[in-house]
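Written below as structure tokens is the structure these notes are about.
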There are 2 protein chains.
Amino acid sequence: MFCLNVRGGTLLQGAKAAIYSIIQIEFAERFPKVISQKAKYALRALVALARAGDSMMIGEIAEAERIPRKFLEQILLELKHHGIVMSKRGKFGGYALLAPAAQITFGAVLRIIDGPIAPLPCLSRIAYRRCADCRAEEECEIRRVFARVATSARDVLDRTSIADAVAAPEPVEAGAA
Amino acid sequence: MFCLNVRGGTLLQGAKAAIYSIIQIEFAERFPKVISQKAKYALRALVALARAGDSMMIGEIAEAERIPRKFLEQILLELKHHGIVMSKRGKFGGYALLAPAAQITFGAVLRIIDGPIAPLPCLSRIAYRRCADCRAEEECEIRRVFARVATSARDVLDRTSIADAVAAPEPVEAGAA
DNA sequence: CCAAACTCTATCAACTTGGTAGGGATTATC
DNA sequence: GATAATCCCTACCAAGTTGATAGAGTTTGG
């Protein structure tokens with residue numbers, strides 16, 4: 001290995017790294033991970049329905065939760081197709097939860113709207129697929145680490161229901177970077 | 001609320017939901033979440049460097065880990081800019097870890113390559129941003145739940161180093177959906 | 001000076017995301 | 001049975017991201 005202690009080198013590296021980090025953070029605009037805008041809308045709509053305890057029209061939900069109306073139509077339709085909500089057509093129609101809010105988990109909604117929760121295809125139970133560039137799955141170091149991430153995420157998402165979200169006002173300690 | 005127990009309705013809903021689910025799972029092709037292909041390459045390259053314990057040329061790493069060579073160039077450059085690796089140019093040049101493998105965490109690498117780990121901008125410490133459509137952050141149910149997801153993910157990623165990945169062959173129980 | 005290696009910037013195709021648009025089907029009411 | 005309100009469905013689109021590829025520039029050892 002060539003020398004790590006180039007005179008001044010480490011300090012210079014540190015300064016450069018800091019600058020690059022600042023640039024990156026300053027322009028970090030997108031958070032496309034784990035949960036999409038669409039899933040966020042879906043969860044908010046379900047929370048609204050749970051809180052109302054009654055059926056609501058698309059327009060009502062859209063207005064209350066500030067969700068683009070036509071986009072919400074698609075979302076609710078999808079939730080209906082997957083048996084989360086039911087609908088009634090025609091005048092005075094609307095949407096209502098098909099199951100008690102306590103039985104609708106965040107995980108279920110996320111899987112419907114955003115697809116599998118697992119960070120890698122080789123870690124999904126419901127949509128397992130071997131990674132294209134994987135040689136020996138059992139020896140994959142990356143897989144081993146992300147298996148733990150996936151498990152802990154699933155622990156939270158599959159144990160938390162819409163009812164929990166409506167009820168519990170426990171404080172948030174602003175967390176991960 | 002209109003009647004939930006339409007005769008036959010629930011069963012039909014169940015069947016439809018099952019069909020929609022099967023379609024969705026069968027065609028689930030992409031796992032763009034938590035970790036990108038690029039970050040996977042970055043981690044694999046670092047693992048290769050750690051295992052070698054010596055400097056390696058881009059070509060060597062690319063071949064050993066089956067990473068597109070020119071793509072790997074960009075990745076290593078980025079890691080260098082952020083102070084993870086150092087490089088030497090010219091004939092017999094190459095890359096080497098700048099810090100011991102035990103000090104390079106998965107979290108650090110992911111933040112460099114993929115950006116903030118937090119699932120929502122309002123949960124990031126390093127790149128906090130208020131959600132565009134958020135009314136009262138403290139009352140946001142979604143935020144509350146995903147704060148827990150983010151914390152647990154960070155717990156794993158910031159405590160696991162490249163050295164851990166190289167060393168520990170603990171078994172994986174195929175986990176989250 | 002040359003060849004081998006890293007450095008940097010530009011470009012690109014394919015895909016995803018977040019919506020918009022519009023017509024069709026169903027229902028309550030008059 | 002007309003009408004208006006509502007859900008149902010499909011098609012389409014702009015902007016952005018991802019996963020590369022290309023190529024010219026710079027440094028180093030011999």
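The chains referred to below are lettered A, B, ... by the order of the sequence lines, with proteins before strands, and numbering in each begins at 1.
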In whole angstrom, give the distance that lies between atom [atom1] of [X] and atom [atom2] of [N].
{"X": "Lys40(A)", "N": "dG18(C)", "atom1": "NZ", "atom2": "P", "result": "9 Å"}
{"X": "Met57(A)", "N": "dT6(D)", "atom1": "CE", "atom2": "P", "result": "4 Å"}
{"X": "Leu77(B)", "N": "dC8(C)", "atom1": "CG", "atom2": "C1'", "result": "7 Å"}
{"X": "Ile58(A)", "N": "dC9(D)", "atom1": "CD1", "atom2": "P", "result": "12 Å"}
{"X": "Lys88(B)", "N": "dA4(C)", "atom1": "NZ", "atom2": "C1'", "result": "13 Å"}
{"X": "Gln37(B)", "N": "dC15(C)", "atom1": "CD", "atom2": "P", "result": "15 Å"}
{"X": "Lys80(A)", "N": "dT6(D)", "atom1": "NZ", "atom2": "P", "result": "17 Å"}
{"X": "Glu73(A)", "N": "dT20(C)", "atom1": "CD", "atom2": "C1'", "result": "11 Å"}

Under 4.0 Å between a side-chain N or O of [X] and OP1 or OP2 of [N]?
{"X": "His81(A)", "N": "dC9(D)", "result": "yes"}
{"X": "Lys38(A)", "N": "dT17(C)", "result": "no"}
{"X": "Ser87(B)", "N": "dT7(C)", "result": "yes"}
{"X": "Tyr41(B)", "N": "dG19(D)", "result": "no"}
{"X": "Tyr95(B)", "N": "dT7(C)", "result": "yes"}
{"X": "Arg69(B)", "N": "dC6(C)", "result": "yes"}

All heavy atoms of Ala42(B) vs all of Leu79(B), minimum pair found to be CB-CD1, 4.2 Å

Considering only heavy side-chain atoms of Phe71(A), the closest of dG18(C), dA20(D), dC6(C) is dG18(C)

- Scan Leu76(B) against the nucleic acid and name what it touches under 4.0 Å (heavy atoms): base, sugar-phosphate only, or nothing. nothing

Taking the side chain as everything from C-beta on, heavy atoms only, tell me whether Cys131(A) gets closer than 4.5 Å to Arg143(A).
no

Non-hydrogen side-chain atoms of Ile35(B) and Ile142(A) separated by less than 4.5 Å: yes

Between Lys70(A) and Lys91(A), whichever has its closest DNA chain D nucleotide further toward 5' is Lys91(A)

Do Gln74(A) and dC9(D) have a side chain to base donor-acceptor pair shorter than 3.5 Å? no

Run Asp155(A) and Arg148(B) through salt bridge (Lys or Arg N to Asp or Glu O under 4.0 Å) and show every step you take. CA-CA 10 Å; Asp155(A) 268 5; Arg148(B) 293 200 285 136; over 6 Å; no

*Under-4.0 Å salt bridge between Arg144(B) and Asp164(A)*: no

Contacts of Ala39(A) and Gly90(A) projected onto DNA chain C by closest heavy atom; the upstream (5') one is Ala39(A)

